[in-house]
Amino acid sequence: MSDALFLSLRRDTHVERRGDELIIHGAGDRTVNFRNLSRGIHEAMLRLTSTGETEANLSDIVLSNDGAGALAEYYYHLRVLEQKCLLWRSARADATLLATVTPISPCFEFTTKPVTRNLRYQLSRFAFTRALAGEVVLESPLSHARVIIADPRAAIFVHALARPCAIAETGDPGVGLSEDAVIQLLTLLINSGMVTEVEEDGAAREEADLSLKSWEFHDLLFHTRSRMGRHDQPVGGTYRFAGEFPPPSALKVVPSVEKIPLYRPDIERLKQEDLPFAFVQEGRRSIRTYGAQPLTKCQLGEFLYRVARVTDYREVDAPTPCGPVHTDLTHRPYPSGGALYELEMYVVVNACQELASGLYYYDPLNHELNKISGQSTKVEELLAGASSATLIPSNDLQVLLIVSARFQRIAWKYASMAYAAVLKHVGVLYQTMYLVATAMGLAPCGVGTGNADLFSRAVGVNYYDESSVGEFLLGSSPA
C-alpha cells in the first residue's frame, strides 16, 4: 500500500522556479537543483513541491507524459530529496493526516516493504514517543527517521502494537480507522524501522539478531544521539545558550567554615625522581586490599595536587554566534574538551591519618579541602555503596573520591555530545588517578557505579545542576 502514501516536502522548505529549473531550498545545506526535467517529471515535481500528492498519482503523471522509461529517473529524483531529508511520506484517512515519516539522516531509505496480512507485527523495544516542537513523535535508535503522530487514532494504533497483532486478526483495525488507513500506518512504521515482525513462537524477529540483543534501550539511544549519523540535531561547539544566560564559571565556590590546606609536592623534583612512565603504566592495577596504616593527609594532598589541581587560569572572549562572550578557562593535569573542566572532586574520608572522617570538597585552585560535613548517615551510605560495588568491606575503606559534573558548564557550549564528553573526561581522569596512585605506591580502584541521588542530598546540590558521574577508591598499599 505504499502507493497510497502521501508525498510532500518538509515544512521548512521553499521552492524557487527559474524557467524550467526547480531549486528546492532546505535548512543548512539541504538545497537541491533540478534541471532539464522531462515534462512529466517536471509536472510531478511541481505537484510535490506545492500541495503534495499520493505516490500513485505522481507516478501516473510521469507515466502519462513520459512513459515507463522515465520512472527510473523520477524515482532517482525522489531519492535525492530523501537523502537531503526533504521528502516526507504520510498516512491519511480520507483527507485527515494520521502520521508522517520524516528522515533525520541522509542514510534513510524508505524501502517500500509491503504489509503481509497474516504476519504479526510488534512495536520495537527500542521505539519511544516524546514531545518535540509541539508534536508527538515516535523515534528509535534503530531508525534514520522519526514519525510525527498527527492524529490520536494513530497514537492508539501505536499503543496497540505493544503486543503482537496482524491485520487479518484485527476485528476493528486501528480503533475506528479503515483497513486501508491501518495498512498505510503500518507501512510507515515498518519502513521507518519502528516495528518488527513476530515469529510463530511469539519472539520478536529483531531479538534474533545477537548484535541487537546485547544492547539495552538507553545505551543504544545515548550512543546514537551523542554521535552524528542518526539524528538531525546540531553537534559540537554551537554555544547553544549564548545570549540566554552567561557561561557558568570555571571555578565552583563552596561555602565552608573549615578550610584545610593540603601538602604541595615539588613537581620539578618529581619530574627527575618519579618512577619511569613505562614502569608505572605496566604496574597499574586495581588494588582492593590496604595496608595496616591508612594513607596520610600528606599523601592525599600530593595525590590531589598531581591529579586535579588548577595549573593555569585565564579569562577569554569566546566567539559565539551571538558575538564574543566573556568567560574563563582553566588547565589541569588531565585533558578536557574546550578546557571547560566541568568535573569536580569530592573526598569522602573513612580513615586517613591527620584528617577527620567526613565529606569534603576539593578546591582545585587553592589546593585545599572544604569541609561539608563530618561522619554522617549519608557519608556511611556513600561508603556502603562503594563497598557493595567493589566487594571491599565498608570498614576497610580509607578514602572514596567522588567525581561530579557541573552539567551547565559543558552544555552551555556543546550540543548533542555534552554528556558523552563528560564520560570521556571521567575516563581520562580515572586513568590519571590510576597512574598517579601507582607512581606513589598507593592502592587505587575504580568503582563501577554510584548513587547520584544520594550524592546530591549529601552535598546539598541540585541533581540537574551537578551530579556524581564517577567514584574512585584510594588507600595505602598493602605490604
Side-chain angles (χ1 to χ4, degrees), residues 82-83 85 99-111 113 120-133 135-149 155 158-164 186 188-199 201-236 238 240 337 389 405 407 410-411 414-428 430 446 448-453 463-464 467-470:
E82 191 171 63
Q83 288 179 322
C85 300
T100 298
V101 169
T102 169
I104 58 175
S105 159
C107 296
F108 177 69
E109 183 174 2
F110 196 84
T111 56
K113 186 175 183 179
R120 291 190 297 164
Y121 298 94
Q122 186 174 12
L123 196 66
S124 167
R125 71 179 176 92
F126 294 101
F128 64 99
T129 57
R130 67 182 178 115
L132 178 66
E135 296 175 311
V136 174
V137 297
L138 177 66
E139 296 182 312
S140 168
L142 302 182
S143 179
H144 292 271
R146 70 169 56 94
V147 178
I148 301 172
I149 305 297
V158 170
H159 180 270
L161 285 172
R163 295 173 296 278
L186 199 49
L188 284 185
L189 298 176
I190 291 171
N191 290 286
S192 59
M194 301 298 171
V195 300
T196 180
E197 297 174 3
V198 177
E199 306 288 1
D201 62 1
R205 185 167 293 180
E206 69 182 13
E207 294 304 315
D209 185 345
L210 293 182
S211 60
L212 277 183
K213 195 177 185 68
S214 60
W215 279 99
E216 290 188 79
F217 165 77
H218 62 282
D219 284 334
L220 187 55
L221 179 62
F222 174 62
H223 174 64
T224 57
R225 290 302 191 264
S226 58
R227 301 187 64 80
M228 293 182 288
R230 293 198 179 185
H231 66 91
D232 56 358
Q233 301 302 304
V235 178
T238 63
R240 59 198 180 113
F407 301 117
I410 191 165
Y414 290 112
S416 294
M417 54 167 281
Y419 191 71
V422 167
L423 298 186
K424 291 179 175 72
H425 297 158
V426 173
V428 297
Y430 267 35
T449 187
N451 189 325
D453 278 287
Y463 183 95
Y464 303 106
S467 189
S468 59
V469 289

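Just so you know, residue 1 is the first one in the sequence shown, and it goes up from there. Since the structure is predicted, the reported quantities are computational estimates derived from the model, not experimental observations.
Shown here for P234 and S416, the closest heavy-atom pair between the two residues is O-OG, 2.6 Å. Closest approach of G193 and S140 over heavy atoms only: O-OG, 4.3 Å. The minimum heavy-atom distance linking G337 with H425 is given by the pair N-NE2, 2.8 Å. When all heavy atoms of A155 and I149 are compared, the pair lying nearest together is N-CG2, 3.6 Å. Residues Y463 and A452 approach most closely at CE1-CB, 3.6 Å, considering heavy atoms. Taking each heavy atom of G470 and V426 in turn, the nearest pair found is CA-CG1, 4.5 Å.
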Working note: V137 + R130, criterion side chain to side chain contact (heavy atoms under 4.5 Å, CB included); need CA distance, chi angles, decisive distance, verdict.
CA-CA 6 Å; V137 297; R130 67 182 178 115; 3.8 Å; yes
Could you walk me through whether F128 and L221 pass the side chain to side chain contact (heavy atoms under 4.5 Å, CB included) test, one step at a time?
CA-CA 10 Å; F128 64 99; L221 179 62; 3.6 Å; yes
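Atoms OG and OH, from S226 and Y414 in turn, are 14.5 Å apart once rounded to the nearest 0.5 Å. Taking CG from L123 and CZ from R163, the interatomic distance works out to 11.0 Å, rounded to the nearest 0.5 Å. Atoms CZ and CZ, on F222 and R227 in that order, are 10.0 Å from each other to the nearest 0.5 Å. Atoms NZ and CZ, on K213 and R125 in that order, are 7.5 Å from each other to the nearest 0.5 Å. One distance of note links CD of E199 with CD of E197; it measures 7.5 Å at 0.5 Å rounding. Taken from CD in E206 to CZ in F126, the straight-line distance is 6.0 Å, to the nearest 0.5 Å.
Put simply, the side chain of I410 does not reach to within 4.5 Å of the side chain of Y419, judged on heavy atoms. Counting heavy atoms from C-beta outward, L142 and T196 have side chains that stay 4.5 Å or more apart. A heavy-atom distance below 4.5 Å is not found between the side chains of Q233 and R225. Side-chain atoms of H223 and P141, non-hydrogen and from C-beta on, never get closer than 4.5 Å to each other. Considering only heavy atoms from C-beta on, E135 stays 4.5 Å or farther from R146 through its side chain.
Under a 3.5 Å cut-off, the side chain of S143 and the backbone N or O of S192 do form a donor-acceptor pair. Formation of a donor-acceptor pair under 3.5 Å by the Q122 side chain with backbone atoms of A204 is not found in this model.
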Do any side-chain atoms of residues 101-109 form donor-acceptor pairs under 3.5 angstrom with protein atoms, and if so which ones, sequence neighbours left out?
residue	atom	partner	partner atom	Å
T102	OG1	W88	NE1	2.8
S105	OG	C107	N	3.0
S105	OG	H144	ND1	3.0
S105	OG	G229	O	2.8

